[in-house]
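Here is the naming used below: chain letters follow the sequence lines, and residue numbers restart at 1 for every chain.
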Amino acid sequence: MAKYPFSEIEPKWQRHWEEHRSFRAEEDASFPKEKRRYVLDMFPYPSGAGLHVGHPEGYTATDIYCRYLRMNGYNVLHPMGFDSFGLPAENYAIQTGTHPAVTTRANIDRFRQQIKSLGFSYDWDREVSTCEADYYKWTQWIFIQLYQRGLAYESDAPINWCPSCKTGLANEEVKDGECDRCGTKVTRKRIRQWMLRITAYADRLLEDLDGLDWPEPVKQMQRNWIGRSEGASVVFTVDGHGDALEVFTTRPDTLFGATYMVLAPEHALVARITSAEQKAAVEAYVDGAAKKSDLERTDLAKDKTGVFTGAYAINPVNGKKIPIWISDYVLASYGTGAIMAVPAHDERDWDFAKAFGLPIVEVVAKPGPDGKAAPCAGEPSECTAADGVAVNSGFLDGLGTEAAKKAMIAWLEEKGLGKGTINYKLRDWLFSRQRYWGEPIPLVHCPKCGVVPVPEDQLPLTLPEVSSYEPPGTGESPLAKIDDWVDTTCPTCGGPARRETNTMPQWAGSCWYYLRYLDPSNPGAFVGRDKVDYWMPVDLYVGGVEHAVLHLLYSRFWHKVLFDLGLVNTAEPFQRLVNQGMILGEDNQKMSKSRGNVINPDDIVREYGADALRLYEMFMGPLEVSKPWMTAGLVGVTRFLERMYALGEKPVVDAGPSAELLKLTHKTVRKVDADTASLNFNTAISAMMVLSSELARLDSLPRAAYEPLVLMLAPYAPHLAEELWEKLGHRESLVRAAWPSYDPALCEDDEDTIVVQVNGKLRGDFKAAKGAGKDALEASAKALAKVAEQLAGKDVVKLVVVPGKLVNFVVR
RNA sequence: GCCGGGAUGGUGGAAUCGGUAGACACCAGGGACUUAAAAUCCCUUGUCCGCAAGGGCGUACGGGUUCAAGUCCCGUUCCCGGCACCA
């Protein structure tokens, strides 16, 4: 079998599809809603390294699915674009002086050419690139909508700062205390920032996850990230000061056990309440904490440290005076930055109390068999956070933990000392970056009018040219150095004003790109509402899991804001999400330049062809799991493609296939149809291999068996399938040819294979007519020599007969 | 520590409802064709005992439910990912 000429076939059909605009999607009203599908890939950042073999994995999966849907009569929207603002282009500009737009456009051209060489069925007329002004005009416009709704605000709280990237980072961009991009340890810095109020959507971002067809791990990661916890806020009074000290607790039932309080070192009350004797110690501790990075504070703080302020609070429930300490185990940024400490029932409070000799009072005890509980004598010997029965707790005594929580909240609310509260770990989104290559934030600072948005008719606010891309590192962006850009007039009063010089983070453009695809060149709106109604929501979104709490959270947030503004038709953008697994190197490690295990898709296409690469990546294993690359494995799919090509050289006859071949054909169609629809591509390919091997034995091919195989191959290896389809005498491309159908009756075998077991062990099998009765099956089973041997001299104590499946003799 | 996912031959992986474990491939070995090689085709290929017929064992480990467990239940180990002093 000769190598097949993929290097001629593949460009030929790619040209054909391009010339015929084969994949253009139009809003054709004759397709009912249920016959429309929006299938989306996570668009790539066009890095200088070119396409990675991981990209075509997801792209091939969606492409197969789209081609399958088209052949089944669906109107399919399948676009591609580029997420093109980002640090690599800017860092390259710093080194070389080349404008990031120049390198970015060159990289996009290379990516586009590489993607096209794989024969994906994108509608290229809808391509978007987030760094182009006619795109980011609308990113800026959406930002202004957020601003006007009060969802964007200025803050000067300490933030995560990457000293290497010289920019602030969102919480989502910090992993293990390091910058997600460059791995540098993140420090804390206090600079003026723009924040987006994503916390206002915390509850909806959480609740709406339930209705999404997403992988459970991603939902779980978002749930954890949002981190909802129910509890109560309780107001203590500082003794002798009259200051209120509010805390959040998930265990209001343990309030009687609160024996001290702890403030975060940054808490506003610290300076006010510290006593003269403790002043020096407290200030030293606060200074020390301020110098530590977040990582140092969390990592090194396994041993609890802290200082007494000299002040006391009054526990509202029993009037007791309890000391107020400061410690960095209390985070300024969660809850109120202060806690009531219940050392008997909280591990951290226990450690702290033990370290500083603070009192420990048991208020929850393990109930006995009668459901009642008695407090232990003196201090408890160990800490427990488990539920139990309230003791030493006045009016709560005898109540179970859940009931005690409710009772305490009711009591607090009645006395005006607190209330039931819900807290989230999710923080607002730090949205400004002190870098050049991003969307300018379209705001103006006017000494008279304050912050004023750039009017819509002045958008886009384009990036100015700069002489140096180097970030000053002062907390200003390179834009701050361009005086004639920064100095402007106030859109409201016309007086002198200054532009905001921060830019948006790389995530901004990807928050809404799936909407721009619907209407990519609309000059009057970010998207036309009719287009939204025609296509949205996205029916299938495929991409890596690494964006679980970044892009996928941010874009849900923006989408909900747009939904509340009445601009989109659904509360959620992506109905179904599938994460493709990572493709590892042959050494089972993550592909990286430094390990030298990177596979370049161009090399594979040149040597084996695009169809082989597509097929191989789908044949490696299930889409969702990570799996190692093995170039040797490509020969398997290549042999299959060569066999298919060789079939195309054989005469095709209209005479019917043998009954056996006809059955195999229908079974294969059934299997490939079901597996393609459910994205189980590896087993679909395996089924096609089996049918192709059978056909390869024949001298002439019955059309009724061969044509369905070519059609089924089309989504998987579209170039070769088009070539074979043409050889079959068809004039039209098979892009919209009808997907083969199967006759369920023809998939059934005439006979069943009945397995015979003795005591559950396989001892033989036989063929039986369909619908054979239990008695007949038993008789046939007993007639098998091996079975008879096993049964000889033994009593059959039980007989299990599953018609059509098996006979099992249980003997003694 | 907490949460989520996983563990099947030498390798990647199959296995609808609990009903023939290892489909389809890779690798390896053998054979056919050939002057030879490549390519192709055919055969073998979980493991142990056995010349064979046949039999024992086998889906990370230990239990359990069942006529029957890779699949269900309980416990353990290891691997991967996420979060991590969040009160």
Next on the checklist: Judged by each residue's nearest nucleotide on RNA chain B, which is more toward the 5′ side, A:I339 or A:N588?
Outcome noted: A:N588
Checklist outcome for this item: Note: for A:M221 and A:R251 on RNA chain B, the residue whose nearest nucleotide lies more 5' is A:M221
Measuring only the [atom1] atom in each nucleotide, how far is [N] from [M]? A whole number of Å is fine.
N	M	atom1	result
B:U47	B:C72	P	28 Å
B:C24	B:C33	C1'	27 Å
B:G58	B:A39	C1'	38 Å
B:G10	B:A23	P	14 Å
B:U45	B:C26	C1'	13 Å
B:U65	B:C74	C1'	11 Å
B:G54	B:C67	C1'	25 Å
B:A87	B:C80	P	28 Å

Interatomic distance, [X] [atom1] vs [N] [atom2] [rounded to whole Å]:
X	N	atom1	atom2	result
A:L623	B:G13	CG	P	13 Å
A:E642	B:U40	CD	P	6 Å
A:M618	B:G13	CE	P	14 Å
A:L550	B:G82	CG	P	12 Å
A:L784	B:U20	CG	C1'	14 Å
A:Q222	B:G81	CD	C1'	15 Å
A:E546	B:G5	CD	P	20 Å
A:E624	B:C80	CD	C1'	16 Å

May I ask you to say what [X] touches in the nucleic acid, namely base, sugar-phosphate or nothing, with a heavy-atom cut-off under 4.0 Å?
X	result
A:K425	base
A:T753	base
A:R670	nothing
A:P215	nothing

Measuring only between side-chain heavy atoms, which start at C-beta, is [X] closer than 4.5 Å to [Y]?
X	Y	result
A:F236	A:M340	yes
A:L709	A:M644	yes
A:W429	A:W507	yes

Checklist entry - What's the closest nucleotide to the A:D765 side chain, out of B:U20, B:G19, B:C42? => result B:U20
Checklist outcome for this item: Out of B:G82, B:G19, B:A87, minimum distance to the side chain of A:K175 belongs to B:G82
Next on the checklist: Distance alone, cut at 3.5 Å: any donor-acceptor contact between the side chains of A:E586 and A:T631?
Outcome noted: yes
Checklist entry - Looking at A:F248 and A:G335, what are the two nearest heavy atoms and their distance? => result CB-CA, 4.4 Å
Next on the checklist: Could you report the tightest heavy-atom contact between A:A313 and A:M261, atom names first, then the distance?
Outcome noted: CB-SD, 3.5 Å
Checklist entry - Pick one for B:G9: is it syn, with its angle within 90° of 0, or anti? => result syn
Checklist entry - Any idea if B:C17 is syn or anti, going by the 90°-from-0 cut? => result syn
Checklist outcome for this item: Given protein heavy atoms under 4.0 Å, the one-letter contact record of nucleotides 64-74 of chain B, with B base, S sugar-phosphate only and - none, is simply ---B-------
Item to check | Base versus backbone protein contacts along nucleotides 23-30 of chain B [heavy-atom cut-off under 4.0 Å; B, S, -] | outcome: BBSS----
Checklist entry - With a cut-off of under 6.0 Å to the ring centre and 45° to the axis, is A:K627 in cation-pi contact with A:W629? => result no
Checklist entry - Does CD in A:E660 sit with more than 12 non-hydrogen atoms of other residues, nucleotides or ligands closer than 6.0 Å? => result no
Next on the checklist: Taking salt bridge (charged side-chain N to carboxylate O under 4.0 Å, His left out) as the cut-off, I'd like each qualifying pair that reaches into residues 797-810 of chain A, sequence neighbours left out, listed once.
Outcome noted: none
Checklist entry - Please, which pairs that meet salt bridge (charged side-chain N to carboxylate O under 4.0 Å, His left out) have at least one residue in residues 248-264 of chain A, sequence neighbours excluded? => result A:R251-A:D253
Examine distances only and state if a side-chain atom of [X] and a backbone atom of [Y] form a donor-acceptor pair shorter than 3.5 Å.
X	Y	value
A:K219	A:L209	yes
A:K671	A:H666	no
A:S692	A:M689	yes

Item to check | Validation row, ring centre A:W325 to ring centre A:F356 under 6.0 Å | outcome: yes
Dump the pairs, protein N or O against N or O of nucleotides 49-59 of chain B, anything under 3.5 Å, distances to one decimal.
residue, atom, partner, partner atom, Å
B:G56, OP1, A:R763, NH2, 3.3

Item to check | Under-4.0 Å salt bridge between A:K406 and A:E402 | outcome: no
Checklist entry - Between A:E694 and A:R697, is there a salt bridge with N-O shorter than 4.0 Å? => result yes
Next on the checklist: Would you say A:Y329 places a side-chain N or O within less than 4.0 Å of OP1 or OP2 belonging to B:A87?
Outcome noted: no
Checklist entry - Stems in RNA chain B: runs of 3 or more consecutive Watson-Crick or G-U pairs, distances under 3.5 Å? => result B:1-7 with B:77-83, B:10-12 with B:24-26, B:28-32 with B:40-44, B:46-49 with B:54-57, B:60-64 with B:72-76
